[in-house]
Participant: 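The structure's right below; bear with me while I get my questions together.
The analysis underlying the following values was restricted to heavy atoms, covering all of them including side chains, and did not include hydrogens, waters or symmetry mates. In this chain, numbering begins with 1 at the start of the sequence shown.
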Amino acid sequence: MTPIDGMPDDSRYARCIQSSKRVYWDIDEHVIRGRYFDVAHKFLPDGLSLADAFTTLSPDERRFVSQIQGRTYANIFGLVERFINAKILELGRDHALGDQEAVEALVRFSAEELKHQALFRRIDAMVGEVLPDGYRFDVDPNAVARTVLAKGNWAVLALTLHIELFTQLHYRRSIDPDSELSKDVFLYHWKEECQHAILDELELVRHNATLSTEERDRGVDEFIALVAAVDGILREQAATDASYFAANCRRAMDAGEVQTIEAAFLAAYRWQYIHSGARHPHFGKVLSGLISESQRQRIQAAIATLH
């Protein structure tokens with residue numbers, strides 16, 4: 001994002017359009033290419049799965065953990081991109097009779113989010129073909145979207161920016177450096193999320209300028225509530241994935257070890273979907289330009305409880 005931070009907003013919308021055209025990809029032609037998942041390989045890098053935290057497991061068992069987490073990664077992204085797309089379509093109407101480059105940039109954003117949802121549905125189905133039966137992801141994307149979209153624009157856009165930024169961090173710091181990982185799904189997703197983060201920031205700053213102090217303060221509270229709701233989903237999925245692992249790891253486990261594994265799943269999921277975004281330097285920079293120090297400290301204190 002930094003090379004265009006100093007550009008005027010209209011230039012940034014135009015730059016996002018150019019980027020969208022340049023990095024365009026097709027699910028079958030560029031990503032899947034007739035391939036399938038191989039259970040001899042991990043599906044997430046150790047830096048995201050936090051493999052070292054699974055201290056009681058063998059290397060093969062840790063690989064299985066990464067495969068479970070990889071399937072959940074696809075489902076979580078399919079989940080969040082449902083409400084992100086709905087919000088982007090809504091925001092596009094604000095520009096409909098004004099800046100047409102902003103409209104085109106947001107329409108492209110929406111089309112790409114729809115493609116990402118289709119990609120992650122494919123990934124979930126493909127992983128399901130090679131992993132044991134019994135995996136569950138019971139969260140309804142539409143129900144979650146309704147809950148998120150009931151909050152104000154400030155909170156939803158802050159959460160969306162947080163998500164788009166941690167996607168970039170995941171790729172750059174954990175996925176790209178891992179020489180043992182097949183990267184195409186992550187690579188092509190990352191390519192389009194780069195300009196999405198720019199658009200999220202533009203829309204968040206634009207909306208922030210329309211708010212009163214009281215409305216902005218309410219937005220901060222709503223953002224904290226949304227992060228807590230995300231954590232609730234992660235806690236449930238960590239328990240579900242730990243149970244699935246225990247049922248399919250081919251050895252007996254006592255209740256204490258299962259609890260330890262569940263705690264490690266939760267730590268990994270909180271890192272992937274909360275802390276990696278909250279600690280992203282650009283997220284802090286953007287928020288610091290929009291909210292007071294006391295509001296920033298409220299957000300930090302709330303997130304610090306999730307450990």
Side-chain angles (χ1 to χ4, degrees), residues 1-27 29-31 77-78 80-120 145 148-149 153-173 175-176 183-210 276-277 280-290:
M1 289 181 67
T2 51
I4 63 171
D5 275 352
M7 287 186 176
D9 287 355
D10 55 352
S11 298
R12 298 181 80 187
Y13 284 114
R15 180 68 173 268
C16 287
I17 294 169
Q18 294 168 10
S19 295
S20 174
K21 292 176 179 179
R22 185 176 64 254
V23 305
Y24 171 81
W25 49 268
D26 176 81
I27 293 174
E29 181 181 355
H30 299 104
V31 183
F77 272 100
V80 300
E81 289 181 347
R82 185 70 54 88
F83 71 73
I84 290 172
N85 186 55
K87 179 55 65 178
I88 292 304
L89 287 171
E90 177 187 324
L91 293 170
R93 291 197 291 270
D94 293 347
H95 300 279
L97 301 181
D99 184 346
Q100 296 303 289
E101 285 187 330
V103 174
E104 181 178 353
L106 292 171
V107 167
R108 286 180 171 275
F109 187 163
S110 173
E112 288 159 358
E113 291 293 276
L114 288 170
K115 178 173 64 176
H116 298 172
Q117 289 180 61
L119 170 65
F120 288 122
V148 173
L149 297 171
N153 280 345
W154 197 97
V156 179
L157 286 167
L159 181 65
T160 301
L161 178 62
H162 166 270
I163 292 167
E164 308 284 13
L165 288 173
F166 73 55
T167 304
Q168 295 183 42
L169 185 140
H170 291 179
Y171 186 79
R172 289 171 175 162
R173 293 194 182 177
I175 296 166
D176 189 43
K183 302 182 176 77
D184 282 351
V185 172
F186 305 107
L187 170 64
Y188 285 102
H189 184 231
W190 167 74
K191 283 182 175 183
E192 291 182 335
E193 297 294 356
C194 289
Q195 67 255 19
H196 294 182
I198 296 168
L199 293 169
D200 294 332
E201 181 183 342
L202 286 170
E203 291 300 304
L204 175 58
V205 171
R206 179 179 71 86
H207 179 70
N208 183 77
T210 70
S276 63
H280 193 291
H282 194 72
F283 186 66
K285 178 183 176 182
V286 172
L287 288 191
S288 293
L290 302 178

Participant: Do you know which two heavy atoms are closest between Ala105 and Leu199, and how far apart they sit?
Facilitator: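 Smallest interatomic distance, heavy atoms only, reads O-CD1, 3.7 Å.
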Participant: Evaluate side-chain contact (heavy atoms from CB on, under 4.5 Å) for Ile27 paired with Tyr188, printing each intermediate quantity in order.
Facilitator: CA-CA 9 Å; Ile27 293 174; Tyr188 285 102; over 6 Å; no
Participant: Here's a test for you: under side chain to side chain contact (heavy atoms under 4.5 Å, CB included), which of Arg108, Gln100, Glu101 qualifies with Glu104?
Facilitator: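 Exactly one option meets the side chain to side chain contact (heavy atoms under 4.5 Å, CB included) with Glu104, and it is Arg108.
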Participant: Using 30° and 60° as the class boundaries, would you call the ring planes of Phe120 and His116 parallel, tilted or perpendicular?
Facilitator: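 Taking His116 first and then Phe120, their aromatic rings stand perpendicular (interplane angle over 60°).
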Participant: Would Asp200 and His162 satisfy side-chain contact (heavy atoms from CB on, under 4.5 Å), going step by step from the backbone distance to the final call?
Facilitator: CA-CA 9 Å; Asp200 294 332; His162 166 270; over 6 Å; no
Participant: Which is it for Phe83 and Leu159 under the side-chain contact (heavy atoms from CB on, under 4.5 Å) test, yes or no, and what are the steps along the way?
Facilitator: CA-CA 11 Å; Phe83 71 73; Leu159 181 65; 3.8 Å; yes
Participant: Looking at OH of Tyr171 and NZ of Lys191, how far apart are the two atoms once the value is rounded to the nearest 0.5 Å?
Facilitator: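 Between atom OH of Tyr171 and atom NZ of Lys191 there are 8.0 Å.
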Participant: Please collect all salt bridge (charged side-chain N to carboxylate O under 4.0 Å, His left out) contacts where either partner lies in residues 109-119, sequence neighbours excluded, each pair once.
Facilitator: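 Listed by first then second residue: Lys115-Glu192.
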Participant: Would you check if the side chain of Thr210 reaches a backbone N or O of Arg206 as a donor-acceptor pair within less than 3.5 Å?
Facilitator: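 Side chain of Thr210 to backbone of Arg206, a donor-acceptor pair under 3.5 Å: no, none is there.
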Participant: Any idea which heavy atoms bring Ala158 and Phe283 closest together, and the distance?
Facilitator: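 That would be O-CE1, 3.5 Å.
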Participant: Run Gln168 and His282 through side-chain contact (heavy atoms from CB on, under 4.5 Å) and show every step you take.
Facilitator: CA-CA 11 Å; Gln168 295 183 42; His282 194 72; over 6 Å; no
Participant: Measure the spacing between CG of Leu161 and CG of Leu204 and express it to the nearest 0.5 Å.
Facilitator: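 Result: 6.5 Å between the selected atoms.
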Participant: Do Thr167 and His189 have side-chain atoms, one donor and one acceptor, less than 3.5 Å apart?
Facilitator: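 Looking only at side-chain atoms, His189 and Thr167 do not form any donor-acceptor pair under 3.5 Å.
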Participant: Counting distance only, does the side-chain N/O of Ser110 pair as donor-acceptor with the main-chain N or O of Leu106 below 3.5 Å?
Facilitator: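 Pair absent, no side-chain N/O of Ser110 close to backbone of Leu106.
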Participant: On a heavy-atom basis, which atom in Gln195 and which in Ser19 lie closest, and how many Å separate them?
Facilitator: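 Distance-wise, the nearest heavy atoms are OE1-CB, 3.7 Å.
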Participant: Can you name the nearest heavy-atom pair linking Trp25 to Val31, along with the distance?
Facilitator: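 Trp25 and Val31 have their closest heavy atoms at CE3-CG2, 3.6 Å.
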Participant: Going by the rule side-chain contact (heavy atoms from CB on, under 4.5 Å), which residues pair with Ala96 if we only count those two or more places apart in sequence or in a different chain?
Facilitator: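 Testing Ala96 for side-chain contact (heavy atoms from CB on, under 4.5 Å), a comparison that skips the adjacent residues, returns none.
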Participant: Would a distance-only check, ignoring hydrogens and angles, find a side-chain to backbone donor-acceptor pair under 3.5 Å from Ser20 to Cys16?
Facilitator: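 No; judged by distance alone, with no hydrogens or angles, the pair does not exist.
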Participant: Write down the atom of Gly92, the atom of Val103, and the distance for their closest heavy-atom approach.
Facilitator: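 Heavy atoms only, the tightest pair is O-CG2, 4.2 Å.
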Participant: If you look at every heavy atom in His280 and Leu165, which pair is closest and at what distance?
Facilitator: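 Nearest heavy atoms, His280 then Leu165: CD2-O, 3.5 Å.
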Participant: Which value, rounded to the nearest 0.5 Å, describes the distance between Ile163 atom CD1 and Ile84 atom CD1?
Facilitator: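 If I round to the nearest 0.5 Å, the distance is 4.5 Å.
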Participant: Supply the atom-to-atom distance Glu81 CD to Thr160 OG1, rounded to the nearest 0.5 angstrom.
Facilitator: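 The OG1 atom of Thr160 is 10.5 Å from CD of Glu81, to the nearest 0.5 Å.
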Participant: Taking atom CG of Asp176 and atom CG of Leu187, what is their separation to the nearest 0.5 Å?
Facilitator: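 Taking CG in Asp176 and CG in Leu187, the distance rounds to 8.0 Å.
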Participant: For Ala155, give me all partners under side-chain contact (heavy atoms from CB on, under 4.5 Å), at least two apart in sequence or on another chain.
Facilitator: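 Once residues adjacent in sequence are excluded, the partners of Ala155 under the side-chain contact (heavy atoms from CB on, under 4.5 Å) criterion are Lys151, Glu222, Phe223, Leu226.
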Participant: Taking the inter-plane angle between the rings of His30 and Tyr24 on a 0 to 90° scale, is it parallel (under 30°), tilted (30 to 60°) or perpendicular (over 60°)?
Facilitator: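 Perpendicular, since the angle between the ring planes exceeds 60°.
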Participant: Answer yes or no: is there a side-chain heavy-atom contact under 4.5 Å between Leu91 and Asn153?
Facilitator: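 Yes, their side chains come closer than 4.5 Å.
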Participant: Using only atom types and a distance under 3.5 Å, with no angle test, would you say the side chain of Glu203 pairs donor to acceptor with the backbone of Leu157?
Facilitator: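 Looks like no, no N/O pair under 3.5 Å.
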